[in-house]
Amino acid sequence: MTVTVTADLAISLDGYIAGTDVALDNPGGDGAEPLFEWIHNLASWRERQGMTGGDENRDSELMREWFDATGAVVMGRMMYDTGEEFWGDNPPFRAPVFVLTNRPRPTLVKEGGTTFTFVTDGIHSALDRAKAAAGDRNVDIAGGASTVRQYLREGLVDELQLHVVPALLGDGLRLFEGLGRGVRSLEPVRVVDTPLATHLKYRFGTASRAGTRPS
């Protein structure tokens, strides 16, 4: 069974997925509010946070689609550390999460089906374990920027969905920085335009995937 590896991120029009000075007490970085504020009233997002209400619209449908399609998640240690307190005892993933780290820690079992497994032997090991856990659903590379870049650099991402927010941050963490030389072809899958964001979904061409990326 082939598991699709995805990356699904909100991004500013000038290419930033976080603001400046990202820290444990400032997970999105300074000036990054426009990247995330459009999500907070979506009914599907609120449901995953244990809340009721919210807007049922096309943006919410796309968020719910991501939740339903994702069977396992890979993230970096910084993303985990900055989200741990906010996510609480019932994180929104409801799936196995594999955390890249050089600081071992026992697996954490949370409510709702979320587990956090801390992987110390690299991005390939984390991805292999996530694929084994995902069943017939996708593996999502959730972040942060450095983690997504590593998987993009190695040609390990099959599908990329960007929620382009109509804002210019001017500075922060860029997604497509330091990926190395070489053309990577992408096939457009879908464009959904809403007042909150333009949702772009692409599939990487076979020449851009693992083992065949141009040098």
Checklist entry - Do F176 and I11 have side chains that get closer than 4.5 Å, going by heavy atoms? => result yes
Item to check | Common cluster, V164/L152, ILVMFWY with side-chain heavy-atom separation under 4.5 Å | outcome: yes
Checklist entry - Hey, quick one: are V5 and L200 part of the same hydrophobic cluster, counting side-chain heavy atoms closer than 4.5 Å, chains of contacts allowed? => result yes
Checklist entry - Hey, is the main chain of N138 close enough, under 3.5 Å, to the side chain of T4 for a donor-acceptor pair? => result no
Item to check | Whether H163 and W38 hold their rings parallel, tilted or perpendicular, with breakpoints at 30° and 60° | outcome: tilted
Checklist entry - Between F204 and V157, what is the shortest heavy-atom contact and its length? => result CD1-O, 3.2 Å
Checklist outcome for this item: In short, D89 meets K110 closest at the heavy-atom pair O-CB, 3.5 Å
Checklist entry - Applying the 4.5 Å side-chain criterion to the ILVMFWY set and letting contacts propagate, would V3 and L127 be lumped into a single cluster? => result yes
Checklist entry - Okay, side chain of D14, backbone of L168: is any donor-acceptor separation there less than 3.5 Å? => result no
Checklist outcome for this item: Tightest non-hydrogen contact, residues G71 and A95, listed as O-CB, 3.5 Å
Checklist entry - By side-chain hydrogen bond (donor to acceptor under 3.5 Å, both in side chains), which residues pair with T194, not counting sequence neighbours? => result D59
Checklist entry - To the nearest 0.5 Å, what is the distance between CE (M75) and CG (D81)? => result 10.5 Å
Item to check | Euclidean distance, L173 CG relative to D21 CG, rounded to 0.5 Å | outcome: 9.5 Å
Item to check | Partner of Q161 by side chain to side chain donor-acceptor pair (under 3.5 Å), out of K201, R190, E65, H199 | outcome: R190
Item to check | Cluster check L24, L100: I/L/V/M/F/W/Y, side chain < 4.5 angstrom | outcome: no
Next on the checklist: Can you give me the closest heavy-atom contact between T114 and P91, atom names plus distance?
Outcome noted: OG1-O, 3.6 Å
Item to check | Ring geometry between H40 and W45 (parallel below 30°, tilted from 30 to 60°, perpendicular above 60°) | outcome: tilted
Next on the checklist: Apply side-chain contact (heavy atoms from CB on, under 4.5 Å) to residues T115 and L108 and explain how you reach the verdict.
Outcome noted: CA-CA 6 Å; T115 58; L108 299 178; over 6 Å; no
Checklist entry - For the residue pair P34 and A167, what are the closest heavy atoms and their distance? => result CB-CB, 3.8 Å
Let me have the donor-acceptor pairs involving side chains of residues 47-56, under 3.5 Å, with sequence neighbours excluded, atom names and distances please.
{"residue": "R48", "atom": "NH1", "partner": "P92", "partner atom": "O", "Å": "2.5"}
{"residue": "R48", "atom": "NH1", "partner": "F93", "partner atom": "O", "Å": "3.3"}
{"residue": "E56", "atom": "OE2", "partner": "R64", "partner atom": "NH2", "Å": "3.4"}

Item to check | N/O donor-acceptor pair under 3.5 Å between R203 side chain and E159 backbone | outcome: no
Checklist entry - Counting distance only, does the side-chain N/O of R184 pair as donor-acceptor with the main-chain N or O of G155 below 3.5 Å? => result no
Item to check | Non-hydrogen side-chain atoms of L169 and L35 separated by less than 4.5 Å | outcome: yes
Next on the checklist: Is there a path of hydrophobic side-chain contacts, each under 4.5 Å between heavy atoms, that joins L42 and W87?
Outcome noted: yes
Checklist entry - Do H124 and L156 come within less than 4.5 Å of each other through their side chains, counting heavy atoms only? => result yes
Enumerate, atom names and distances included, each donor-acceptor pair closer than 3.5 Å involving a side-chain atom of residues 141-151, sequence neighbours excluded.
{"residue": "T147", "atom": "OG1", "partner": "G76", "partner atom": "N", "Å": "3.4"}
{"residue": "R149", "atom": "NE", "partner": "R174", "partner atom": "O", "Å": "3.1"}
{"residue": "R149", "atom": "NE", "partner": "L175", "partner atom": "O", "Å": "3.4"}
{"residue": "R149", "atom": "NE", "partner": "E177", "partner atom": "O", "Å": "3.2"}
{"residue": "R149", "atom": "NH2", "partner": "R174", "partner atom": "O", "Å": "2.6"}
{"residue": "Y151", "atom": "OH", "partner": "I123", "partner atom": "O", "Å": "2.7"}

Checklist outcome for this item: Between the CG atom in L9 and the CG atom in L162, the distance rounded to the nearest 0.5 Å is 6.5 Å
Checklist entry - Can you name the nearest heavy-atom pair linking A130 to A72, along with the distance? => result O-CB, 3.4 Å
Next on the checklist: Donor-acceptor pair, distance only, cut-off 3.5 Å: does the side chain of T82 make one with the backbone of M79?
Outcome noted: yes
Checklist entry - Would a 4.5 Å heavy-atom cut-off, applied to side chains only, mark V165 and S12 as touching? => result no
Checklist entry - Got V74 and R129 here, is their nearest side-chain heavy-atom distance under 4.5 Å? => result no
Checklist entry - Distance-only, no hydrogens or angles: does the D193 side chain make a donor-acceptor pair with backbone N or O of T198 under 3.5 Å? => result no
